[in-house]
Every structure is written in structure tokens, then in C-alpha cells.
Amino acid sequence: QEEIISHVIGGGDALVLMPTGGGKSLCFQLPALYFDGLTIIISPLISLMKDQVDALLANGIASAFINSSLDPNEIEKVMFRARNRELKMLYLAPERLASDQFKNFIQTLNISFIAIDEAHCISEWGHDFRPEYRNLRFFREYIPNIPLVALTATATQKVRMDIMEQLRLKEKKIFLASFNRPNLMYSVYPKNDSFGQLMSLLQKYKNQPAIIYCFSRKNTEMLAEKLSYEGFRALPYHAGIDANTRKITQEKFIRDQVPIIVATIAFGMGIDKPDVRLVVHYHLPKSIEGYYQETGRAGRDGLPSECVLLYSQGDTKKHAYFINEIENEEEKIQAFLKLRQVTDYCELHSCRRKYLLEYFGEENHTENCNNCDRCLVGEEMFDATEI
């Protein structure tokens, strides 16, 4: 963090890759306090914006956000404060820059520094491409001489190059923290009785925070209901639930009033809960990047935590069905490649951690991590004559 902060304060651009829970926020919040003017922080995550602004305000730092959760009157008030130089940090959703009116507003501000969080969203090669992120080139065109930092927890070599090109980073430096999370144990269970397997895991982590990721919105609701019937305190979370209910669910989870969240990938990005002990992928994730980011919600306090993926060929077929619906041929090929990488991970006979780290370009890790199902079980000997 110190090296990144010094580089940015010196006026350089940076691409920061740090795993979930690695402390990315400090890398832009501290320089923001150092610079005289306003710092703009781009984030696609409404919940994260609110959490970070609340924390900054609690520390006496004048901050605000503009996103779809505010009504036009509230937005106008924030814009007025920004123009009057009453704010130190302003969090913005990327889609704001689609409007010329908003771009004109940006040009009235005294901006010293720009931070772009979840920067992998700008790349078509990333696992979570968002077209509205392409509008961020605007910053380079209109305010080219201020430092810009792009931050992400997941980006392959190809995605990193694309981020730097899209954002036209100058005097840039790449800061790469290790993707290795030694406190996380990775396991893949063949799906036999998935609900029974899940209940055993939840019994093992009784009343401890757990996140269960599902394929669809309907799956989350059905599973949460089933778990509640079995006596577990569980709530569903997906983008189709109204914003107020989502907010209440999130707060209940953070305050330990509900230990289990059954969610689609809409949940977890930016959730600052350090003591999640268990993350279960009840269905197959779409990509290794997504899987790594979702398992990264576990054990952010550095204590031992478990990441379990329940795998069946049926889930692969379900994904393949939806991929075949994609009309863009290049997009379809890319989606199938990502699915193949996930199934390769599930069917591994060697260290799972080594596979994940090498996927993100991190070499030279031992063949045995001593903290994944493959390394802990070892090979079994049996008579295979008849087979």
C-alpha cells in the first residue's frame, strides 16, 4: 500500500491488483486526503459506495455518492456541495458518464485524482464486462494531467493490458499483490445429495457466517426457504429483490442477525464482512475469475475458512444451454472457454490452489499447498485389475 500511495502522490498512474480483503480502498482514500482538490471514485457497487461513505463520514471526512439509489433532489444537493468544494471524495456509478449534462458538471469541479474500482469491468476479456465503463475514457480526454489509479481483485494478463490501454494510463506502474490466500481451504465435492451435503457443511459451521452462491434467482429463494424449514436462519439475495429489502438483508448479515445468505453473484461485491467462515458454490460458477472473487468473501480476517464447490455435469450442461443462446459468436466462444476452465478446475487431480494462482499468472508455487482437498487427501491405492 505504501508503495502505491507514494507513486500516486508523485503524480503517476497505477494499475493495482490486490485480492479481495487486501486493502485496496486505502490506496485511493489516503492520497485523496493528501491532494488539495476533489477525488472522484468510480464504483459499480451501490452497497460498497454507501458503506465506504458512511465510514469516511464517521471519520470526519466530507464524502458523498451519486447513484440510482438517490432521487433527483438528493443528487442536486450532492452536485451543489461538489461544485462548492465542500467534498473531499465523491463516489460515482459509471453510467453517470453516459450523460453529456453530467460530463459538463464534472468539468466544473476541481478534481485532483481519479480512482476506478472493479477496473476489470472495462475489459471485454474480463468476467464482468460492463459497457458503461467504456465511458471512463472521458477522464483522460478532459483532465489528462491528474493521476488515475485502476483497481481490481481479479484480472488475467490479457485483461490487465486491456485496462491500461482503455484508460490510457501514463507513467504507469503495475502493482501486483499475491493472489494466494493461504487461510482458505478449497474443495470440490461431486454432487450426490446436494442439499444433504450443504446441511452437513452448515452444521459444521453452525451459527457462523456463510454465503451460498446459486445459479438463478429462483434457486436462491427456494434454497433459502428449504434451509429455513430445516431450522437454519437463511435469507435470499438477488438483483430482483427490491433495493430496500436487499439493504435490510445485507445489514442483518453484517450484524450477525442472519448467519446464512443464499445469493446470486449480485451479492458480496464490496461487502466488508471479515468473518465469513464458509462459501459454498451450490451450482457451477461461470468463470474462474468469478469463482475466485466469490470465494474471496471468505476469511478476510485471515482466519481459516472453507470454500466448497458442488460439481455435477448437469450444471455444466445448464451453463452450455444459456451460452448457446448468445448471438455474438466471439462472445459465445469466450463464454465456452471460461466454462471449460471451470470444469478443468473441478476435475483436477493436482493442487487446486496452484491451478488458481497459475491462472492469474502467478508461477513457482509448490505442488502441495496442504490446504485443498487434493493436497490433503493424497492418492489412494486400490486393485484396478477388473476395471
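Considering all non-hydrogen atoms of both residues, Arg352 and Asp373 come closest at NE-OD1, 2.7 Å. Across all non-hydrogen atoms, the minimal contact from Asn67 to Met49 is ND2-SD, 3.2 Å. In this structure, Arg297 and Val276 approach most closely via the heavy-atom pair O-CB, 3.4 Å. Taking all atoms of both residues into account, the shortest heavy-atom contact from Thr295 to Leu184 is O-CD1, 3.7 Å. The nearest pair of heavy atoms linking Phe28 to Gln52 is CZ-OE1, 3.8 Å. Listed here is the closest heavy atom pair of Glu367 and Cys375: O-SG, 3.8 Å.
Using cut-offs of 30° and 60° on the angle between ring planes, the pair Phe322 and Phe215 is tilted. Taking the six-membered ring where tryptophan is involved, the planes of Tyr355 and Tyr359 are essentially parallel, since the angle between them stays under 30° and well short of 60°.
Other residues sharing the hydrophobic cluster of Tyr189, ordered by chain and number and joined by side-chain separations under 4.5 Å: Phe195, Leu198, Met199, Leu201, Leu202, Tyr205, Ile212, Leu223, Leu227, Phe232, Ile260, Val262, Leu278, Val280, Tyr282, Val308, Leu310.
Lys218 places none of its side-chain heavy atoms less than 4.5 Å from the side chain of Glu221. Residues Lys252 and Arg233 fail the side-chain proximity criterion, which asks for heavy atoms closer than 4.5 Å. Counting heavy atoms from C-beta outward, Lys191 and His283 have side chains that approach closer than 4.5 Å. A 4.5 Å side-chain heavy-atom check between Leu284 and Cys346 finds at least one atom pair inside the cut-off.
Under a hydrophobic-cluster definition in which Ile, Leu, Val, Met, Phe, Trp and Tyr are linked whenever side-chain heavy atoms come within less than 4.5 Å, directly or via other members, Met89 and Ile75 are assigned to the same cluster. Ile261 and Ile248 are members of different hydrophobic clusters when ILVMFWY side chains are connected at heavy-atom separations under 4.5 Å. Cluster annotation: Leu70 and Leu97 are assigned to the same hydrophobic cluster (Ile/Leu/Val/Met/Phe/Trp/Tyr, side-chain heavy-atom contacts under 4.5 Å, transitive).
Put simply, the side chain of Lys173 never gets that close to the backbone of Val16: no donor and acceptor are under 3.5 Å apart. Between the side chain of Asn84 and the backbone N or O of Glu86 there is no donor-acceptor pair closer than 3.5 Å. Using modelled atom types, no side-chain atom of Arg168 and backbone atom of Arg140 make a donor-acceptor pair closer than 3.5 Å. Between the side chain of Arg181 and the backbone N or O of Gly299 there is at least one donor-acceptor pair closer than 3.5 Å. In this structure, the side chain of Asp301 engages the main chain of Leu303 through a donor-acceptor pair within 3.5 Å. At least one donor-acceptor pair closer than 3.5 Å links the side chain of Asn371 to the backbone N or O of Pro182. Judged by distance alone, the side chain of Thr108 and the main-chain N or O of Phe105 form a donor-acceptor pair under 3.5 Å.
Listed by chain and residue number, nothing satisfies the ring-ring contact (aromatic ring centres under 6.0 Å, His included) test with Tyr186 (two or more places apart in sequence, or in another chain). Listed by chain and number, the residues in a ring-ring contact (aromatic ring centres under 6.0 Å, His included) with Tyr291 are His281, Tyr345 (sequence neighbours excluded).
For the atom pair CG (Leu376) and CG (Asn370), the distance works out to 6.5 Å, reported to the nearest 0.5 Å. Distance NZ/Lys354 to CD/Glu363: 7.0 Å, rounded to 0.5 Å.
Heavy atoms of other residues, nucleotides or ligands lying less than 6.0 angstrom from CD of Gln257 number more than 12. Lys206 NZ: more than 12 foreign heavy atoms inside a 6.0 Å radius. Applying the 6.0 Å contact sphere to CG of Asp193 captures more than 12 heavy atoms from other residues, nucleotides or ligands. Within a 6.0 Å sphere centred on CD of Glu225, other residues, nucleotides and ligands contribute 12 heavy atoms or fewer. In this structure, Lys247 places its NZ atom where only 12 or fewer heavy-atom neighbours from other residues, nucleotides or ligands lie under 6.0 Å away. Summarising the local packing, CD of Glu251 is surrounded by more than 12 heavy atoms from other residues, nucleotides or ligands at distances under 6.0 Å. Other residues, nucleotides and ligands contribute at most 12 non-hydrogen atoms within 6.0 Å of the CZ atom of Arg85. No more than 12 heavy atoms of other residues, nucleotides or ligands lie within 6.0 Å of CD in Glu330, so this atom counts as exposed by the packing criterion.
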- Task: Before giving the answer on side chain to side chain contact (heavy atoms under 4.5 Å, CB included), spell out for Ile122 and Asp162 the whole-Å C-alpha distance, their side-chain angles and the decisive distance to 0.1 Å.
- Result: CA-CA 8 Å; Ile122 203 169; Asp162 201 20; 5.9 Å; no
Do Ile5 and Tyr34 pass the side chain to side chain contact (heavy atoms under 4.5 Å, CB included) test, and can you show the C-alpha distance, the side-chain angles, and the key distance before you say yes or no?
-> CA-CA 10 Å; Ile5 291 161; Tyr34 171 86; over 6 Å; no
Test side chain to side chain contact (heavy atoms under 4.5 Å, CB included) applied to Lys204 and Arg277, step by step: CA-CA 10 Å; Lys204 183 180 169 185; Arg277 292 279 76 92; over 6 Å; no
Given side chain to side chain contact (heavy atoms under 4.5 Å, CB included), test Phe139 with Ile106 step by step and report yes or no. CA-CA 9 Å; Phe139 286 122; Ile106 290 285; 4.2 Å; yes
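Side-chain contact check for Glu362 and Ser178: at least one donor-acceptor pair (N or O, by modelled atom type) lies under 3.5 Å. Between Tyr311 and Glu347, the side chains place a donor N or O and an acceptor N or O closer than 3.5 Å (distance only, hydrogens not considered).
Of the candidates Ile163, Leu176, Leu167, Val149, Ile163 is the only one forming a side-chain contact (heavy atoms from CB on, under 4.5 Å) with Leu15. Between Leu148 and the choices Ile143, Leu169, Val8, the side-chain contact (heavy atoms from CB on, under 4.5 Å) rule is met once, by Leu169.
Taking the charged nitrogens against the carboxylate oxygens, Asp117 and Lys24 have no contact shorter than 4.0 Å, which rules out a salt bridge. The pair Lys273-Asp256 meets the salt-bridge criterion, with a side-chain N (NZ, NE, NH1 or NH2) lying under 4.0 Å from an Asp/Glu carboxylate O. For the pair Glu95 and Arg130, the salt-bridge criterion is not met [side-chain N within less than 4.0 Å of a carboxylate O]. With respect to Arg340 and Asp344, a salt bridge is recorded, a charged nitrogen being found less than 4.0 Å from a carboxylate O.
Taking the centre of each ring, Phe253 and Tyr237 stay at or above the 6.0 Å mark.
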